[in-house]
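Here is the structure we will look at, set down as structure tokens.
Within every chain, numbering begins at 1; the chains are lettered A, B, ... in the order of the sequence lines, protein sequences first and strands thereafter. On a predicted model such as this, the values are computed, not experimentally measured, just so you know.
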4 protein chains.
Amino acid sequence: MLVKLDFESEVPIYQQLKDQIVMGIAMRDLEPGESLPSVRELASDLGVNLHTIRKSYNQLKAEGFVHVNRRKGAVVAKLPIALDDEQKLLVDDGLNTLIATLVCSGKSHDEIRLKINSILDRMIERK
Amino acid sequence: MLVKLDFESEVPIYQQLKDQIVMGIAMRDLEPGESLPSVRELASDLGVNLHTIRKSYNQLKAEGFVHVNRRKGAVVAKLPIALDDEQKLLVDDGLNTLIATLVCSGKSHDEIRLKINSILDRMIERK
Amino acid sequence: MLVKLDFESEVPIYQQLKDQIVMGIAMRDLEPGESLPSVRELASDLGVNLHTIRKSYNQLKAEGFVHVNRRKGAVVAKLPIALDDEQKLLVDDGLNTLIATLVCSGKSHDEIRLKINSILDRMIERK
Amino acid sequence: MLVKLDFESEVPIYQQLKDQIVMGIAMRDLEPGESLPSVRELASDLGVNLHTIRKSYNQLKAEGFVHVNRRKGAVVAKLPIALDDEQKLLVDDGLNTLIATLVCSGKSHDEIRLKINSILDRMIERK
DNA sequence: GTGGTCTAGACCACC
DNA sequence: GTGGTCTAGACCACG
């Protein structure tokens with residue numbers, strides 16, 4: 001899987017990495033049971049400190065997306081991932097805000113639905 | 001319009017305020033041309049620092065959601081609001097991440113479409 | 001509240017601190033709504049690095065014992081704290097192991113019950 | 001005796017094994033004088049490294065739960081097992097922390113006593 | 001080899 | 001003032 005970081009962004013690096021891994025899981029680019037690169041390896045690949053990678057992995061672990069063990073490093077968890085109430089709230093609020101922004105920018109409801117559909121098309125539905 | 005802040009949230013206060021104003025505009029709870037409360041008034045209503053409100057207003061201005069003039073303070077801009085490329089990118093990435101999270105949590109594509117529709121229902125479409 | 005760390009212990013410092021704060025909450029030595037010392041202050045008081053304190057506070061936050069905000073630092077959460085399934089499992093397994101150790105050491109069941117009671121006596125029951 | 005390891009757990013494998021053997025002894029599932037499986041046999045049964053099993057056995061020996069002799073390998077020690085001061089301290093601190101966690105989670109003292117009793121019921125009291 | 005802990009110091013964002 | 005991010009490097013524990 002290919003990871004691209006924007007070092008100029010206001011979004012923290014560890015957050016960008018987390019987001020891309022979550023997207024990778026949703027797109028089945030990363031399969032459950034698959035190991036992520038070791039923190040050291042990924043840190044050197046991406047040119048960031050290993051502690052920054054560790055933070056991403058630890059948060060993904062805390063949120064249930066991966067398991068971390070000392071044999072195989074970080075391993076993608078089985079789907080579905082249970083979200084806790086706080087996570088659900090953040091997702092909901094985030095969606096509301098982003099969609100409100102699109103509405104304010106003049107996008108029609110249908111245009112927004114199309115955009116959502118094109119996003120969903122890239123993600124694999126769980127049967 | 002009613003603003004609710006969560007002081008325990010990891011989301012910065014100024015961001016919460018911004019988000020709710022944008023949602024208010026999308027839901028036509030705040031009409032174009034309408035004045036927002038003065039910085040001072042809102043600060044005392046919400047029990048937060050003047051700087052915090054000012055930061056929200058300044059960012060809303062920079063992003064085109066409000067205009068600031070000396071007489072009427074911050075007034076809601078006319079719709080639609082043009083987003084710059086950076087904003088578009090942030091919205092897109094944000095939507096992708098949030099939807100990926102929902103997919104990983106086991107939500108079907110149809111459930112996600114329903115959720116989006118229920119969000120859109122609360123927002124007024126521009127003709 | 002008084003915190004004592006054992007730098008020779010195999011138990012990590014951040015864990016010792018976490019444990020003592022949880023005990024402090026259970027004993028109502030720390031009241032809900034009360035602020036913990038700032039990371040910098042506590043770090044210098046205890047003679048450890050501020051990142052070590054941060055780790056304790058962050059884990060306590062993740063487990064629901066405190067809220068962290070930028071105004072008042074770490075604040076003790078309202079009781080009761082909801083434990084997630086993983087936490088419950090760890091508590092259960094831990095109790096089983098520790099009590100098994102006591103049984104092997106020759107303590108009678110009544111002696112163990114007395115010990116538990118003396119621990120409970122120091123903690124304030126929630127009505 | 002049946003041993004179940006959780007390779008995803010943050011608890012080290014050797015620790016999980018140790019804990020289950022101690023519980024086995026307390027529950028008289030393992031009788032004093034009984035031999036534990038050989039290091040090699042157990043390692044292959046559980047699918048873990050030889051070193052890991054050896055570490056468990058060595059610690060159990062150091063803590064007095066088993067004796068190791070060349071002919072019969074690790075044999076369960078006679079009860080009771082004397083705990084040294086350090087072990088007693090760890091057990092005490094551990095109980096305090098775990099019970100504090102339960103108290104914070106809203107469990108009443110009576111509920112906690114019941115839980116302890118149900119744990120004790122599975123362990124055989126030494127006459 | 002893997003991840004985990006701890007230290008140290010820089011700089012930023014929020015209030 | 002507060003906490004958050006990122007870097008850097010040392011040393012330990014686990015398997």
Determine whether a donor-acceptor pair (N or O, by modelled atom type, separation under 3.5 Å) exists between the side chain of [X] and the backbone of [Y].
X	Y	value
B:S56	B:Y14	yes
A:E63	A:L83	no
A:T97	A:D93	yes
C:R71	B:E8	no
C:Q20	C:K4	yes

Atom-to-atom span, [atom1] of [X] to [atom2] of [N] - whole angstrom:
X	N	atom1	atom2	value
D:Q16	F:dG15	CD	C1'	13 Å
A:F7	F:dC6	CZ	P	10 Å
C:Q15	E:dT5	CD	P	9 Å
A:E8	F:dC6	CD	C1'	14 Å
A:K18	F:dC6	NZ	P	12 Å
A:K72	E:dG3	NZ	P	13 Å
C:K61	F:dG3	NZ	P	12 Å
C:I13	E:dG4	CD1	C1'	13 Å

- [ ] Map C:T52 and B:Q59 onto DNA chain E by nearest heavy atom, then report which one ends up closer to the 5' terminus.
- [x] C:T52
Can you confirm whether [X] sits close enough to [Y] that some side-chain heavy atom of one is under 4.5 Å from a side-chain heavy atom of the other?
X	Y	result
A:V66	A:V75	no
A:T52	A:N49	yes
B:L60	B:N58	no

Measure from the side-chain heavy atoms of [X] and tell me the nearest of [options].
X	options	result
A:S38	E:dC6, E:dT2, F:dG4	E:dT2
C:V68	F:dG4, F:dT7, E:dT7	F:dG4
A:V39	E:dG3, E:dC15, F:dT7	E:dG3

TODO: Among C:Q15, C:K18, C:R54, find the one that has a side-chain hydrogen bond (donor to acceptor under 3.5 Å, both in side chains) with C:Q59.
DONE: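 It is C:K18, the one option of C:Q15, C:K18, C:R54 that forms the side-chain hydrogen bond (donor to acceptor under 3.5 Å, both in side chains) with C:Q59.
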Open item on the list: Does a side-chain N or O of C:R54 approach OP1 or OP2 of F:dG3 to a distance below 4.0 Å, or not?
Closed with: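 False: C:R54 side-chain N/O out of range (4.0 Å or more) of F:dG3 OP1/OP2.
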TODO: Determine the contact category for C:V48: base if any of its heavy atoms lies under 4.0 Å from a base atom, sugar-phosphate if only primed atoms, P, OP1 or OP2 are that close, otherwise nothing.
DONE: sugar-phosphate
TODO: Using the criterion of both pairing distances under 3.5 Å for Watson-Crick and G-U wobble pairs, give all stems of 3 or more consecutive pairs involving DNA chain F.
DONE: E:1-14 with F:1-14
Report, one pair per line, the protein and nucleotides 9-13 of chain F atoms (nitrogen or oxygen only) whose separation is under 3.5 Å.
from  : atom 1 : to    : atom 2 : distance (Å)
F:dG9 : O6     : A:H51 : NE2    : 2.6

